[in-house]
Q: 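One structure follows; several queries about it will come next.
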Amino acid sequence: MAINLHTRFMGTMIGSALGDAIGERALEITNRTDLLEYINADNEFCYTDDTVMSLATAELLVSQGTIDQQLLGDKFRKYFKDEPWRNYGVVTSEVFTIVENEAINYTAAALRLCDGSGSFGNGAAMRVAPLGLFFHRSSDLYEMAKSAAEITHAHPVGIDGAAVLAKAIAMSLHLNSQRPFAPQVYGQKLIEFAETTRLKEKLQLVLTLLASRATIAEAAEQLGTKSSVHESMAFALFCFLTHPHAFVECILCAVSHGGDRGTMGAMVGAMAGAYLGVEAIPADWQRRLENAQHIETLARELAARSSL
């Protein structure tokens with residue numbers, strides 16, 4: 001059966017936004033049963049800065065066909081000023097303040113942070129889904145992800161985490177979800193794609209935990225779930241590789257074990273959506289997603305502009 005990449009693009013964008021929105025609610029509703037009750041009620045799913053910046057990235061790719069750091073940074077900063085209540089992270093907010101006050105470029109501002117090394121938080125990975133889609137066949141995927149990441153997260157690990165997640169999304173697009181899934185093969189390709197030792201070691205730990213049939217709780221403890229990208233992205237990957245054929249379980253896994261729940265939800269939602277397509281996402285969830293029509297439109301436009 002031929003893979004329909006249009007539905008995979010849609011699944012990625014919708015899945016990421018839903019994971020973000022549900023994870024944000026899980027910060028307050030920490031009990032899984034109570035969270036499911038909230039999810040199954042007729043509540044709107046409202047997303048955070050993760051999705052705002054993902055959509056901004058998609059908009060730029062649709063209009064420009066590449067990453068222009070100044071244009072993308074300006075778009076991020078405009079949306080931040082329009083809706084500062086979207087729960088923006090300290091690092092991103094600080095970069096915007098430096099750029100506005102000193103009129104320097106975004107990467108230079110990002111390198112001012114964390115004692116001059118830049119941040120290795122997950123703020124670049126959380127918004128990288130459109131890049132994984134748009135450049136899914138391109139040998140420039142890593143460089144494009146780096147260019148988009150270092151606007152706010154200029155540490156090599158912060159960049160690496162974003163690039164590896166983009167690669168995971170690109171790979172997921174081309175896997176047939178009707179055939180057996182090989183998590184060890186999938187994970188090994190990501191290890192080979194990664195460039196930093198810190199992230200490679202975490203990704204190898206993901207595969208070790210999978211091979212030993214570790215529980216989700218054990219994986220959360222050993223991998224970590226905080227906002228450092230080598231923790232949260234690795235745990236999101238573990239959740240995806242544990243439940244590759246079940247979108248709902250991927251999301252619940254990522255948001256139910258503490259840490260940076262919203263961003264892990266966004267990351268796993270993107271991977272699962274890319275692999276399973278939009279049909280695997282509950283229709284009722286899609287109906288209640290904030291700005292769903294705009295997200296769907298962007299997904300279609302990304303698909304039309306990229307080399308399917």
Side-chain angles (χ1 to χ4, degrees), residues 9 12-25 27 44-110 113 118-119 121-134 144-154 158 162 165-166 227 229 260 262-263 265-267 269-270 289-302 305:
F9 273 57
T12 304
M13 296 295 289
I14 293 289
S16 181
L18 281 167
D20 170 26
I22 291 170
E24 183 71 5
R25 295 303 301 157
L27 290 170
E44 182 182 24
F45 293 122
C46 297
Y47 52 72
T48 75
D49 62 314
D50 299 33
T51 299
V52 172
M53 290 196 282
S54 177
L55 298 181
T57 302
E59 290 165 2
L60 185 80
L61 289 171
V62 167
S63 65
Q64 303 294 320
T66 190
I67 293 297
D68 181 306
Q69 288 186 326
Q70 190 66 36
L71 288 178
L72 185 57
D74 287 347
K75 188 179 280 286
F76 288 162
R77 185 156 56 97
K78 177 186 183 303
Y79 289 167
F80 166 69
K81 294 175 77 171
D82 289 347
E83 297 179 327
W85 48 267
R86 291 278 187 185
N87 200 20
Y88 282 80
V90 173
V91 166
T92 299
S93 303
E94 202 165 333
V95 169
F96 295 159
T97 299
I98 293 170
V99 169
E100 194 155 300
N101 290 343
E102 303 186 32
I104 62 176
N105 68 53
Y106 289 93
T107 301
L113 306 182
S119 171
N122 55 25
M126 72 188 191
R127 64 183 189 238
V128 81
L131 274 162
L133 296 175
F134 196 81
M144 290 294 101
K146 177 182 178 182
S147 184
E150 61 189 6
I151 293 170
T152 55
H153 291 69
L165 184 61
S227 60
V229 74
D260 195 354
T263 295
M267 292 190 286
L289 175 62
E290 176 187 11
N291 290 334
Q293 188 58 57
H294 178 56
I295 297 171
E296 291 173 9
T297 298
L298 277 175
R300 290 193 188 96
E301 291 175 342
L302 280 172
R305 283 295 306 270

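All values reported here derive from a predicted model rather than from experimental measurement.
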Q: Is the shortest side-chain heavy-atom distance between Tyr88 and Phe76 below 4.5 Å?
A: no
Q: Ignoring hydrogens and angles, tell me if any N or O in the side chain of Asn291 forms a donor-acceptor pair with the backbone of His294 under 3.5 Å.
A: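 Pair absent, no side-chain N/O of Asn291 close to backbone of His294.
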Q: Quick one: are His153 and Val91 in side-chain contact, heavy atoms under 4.5 Å?
A: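 Of all side-chain heavy-atom pairs linking Val91 with His153, at least one is under 4.5 Å.
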Q: Just so I know, are the side chains of Met144 and Phe134 near enough to count as touching, which here means a heavy-atom distance under 4.5 Å?
A: no
Q: Mind telling me whether Phe80 and Phe96 have parallel, tilted or perpendicular rings, with 30° and 60° as the class edges?
A: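 The rings of Phe96 and Phe80 sit tilted, inter-plane angle from 30° to 60°.
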Q: Of the options Val62, Leu61, Leu298, which is the one that meets Pro130 in a side chain to side chain contact (heavy atoms under 4.5 Å, CB included)?
A: Leu61
Q: Name the one of Thr48, Asp50, Leu165, Asp20 that satisfies side chain to side chain contact (heavy atoms under 4.5 Å, CB included) with Met126?
A: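 Testing Met126 for a side chain to side chain contact (heavy atoms under 4.5 Å, CB included) against Thr48, Asp50, Leu165, Asp20 leaves exactly one candidate, Asp50.
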Q: With a 3.5 Å cut-off and no angle check, do the side chains of Thr152 and Arg127 form a donor-acceptor pair?
A: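 Side chains of Thr152 and Arg127: pair found under 3.5 Å.
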Q: Side chains of Tyr47 and Leu55, heavy atoms from C-beta outward: is any pair under 4.5 Å?
A: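 Yes, at least one pair of side-chain atoms sits under 4.5 Å.
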Q: Mark yes or no for whether Asn105, through its side chain, and Ala108, through its backbone, hold a donor-acceptor pair below 3.5 Å.
A: yes
Q: Should we say atom NZ of Lys75 is surrounded by more than 12 heavy atoms from elsewhere, each under 6.0 Å from it?
A: yes
Q: Between Arg86 and Glu24, does the side chain to side chain contact (heavy atoms under 4.5 Å, CB included) criterion hold? Intermediate values first, please.
A: CA-CA 10 Å; Arg86 291 278 187 185; Glu24 183 71 5; over 6 Å; no
Q: So do Tyr106 and Gln70 actually touch side chain to side chain, heavy atoms under 4.5 Å?
A: yes
Q: Given 3.5 Å as the limit, does a donor-acceptor pair link the side chain of Ser16 with the main chain of Ala266, or not?
A: yes
Q: Ion pair present between Asp74 and Lys78, side-chain N to carboxylate O less than 4.0 angstrom?
A: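 Looking at Asp74 and Lys78, the cut-off is not met.
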Q: Is any side-chain heavy atom of Ile295 closer than 4.5 Å to one of Leu289?
A: yes
Q: Can you tell me if Thr57 uses its side chain to pair, donor with acceptor, with the backbone of Met53 under 3.5 Å?
A: yes
Q: Would you check if Thr51 and Met13 make a side-chain contact, meaning some heavy-atom pair closer than 4.5 Å?
A: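 Side chain of Thr51 against side chain of Met13, heavy atoms only: no contact under 4.5 Å found.
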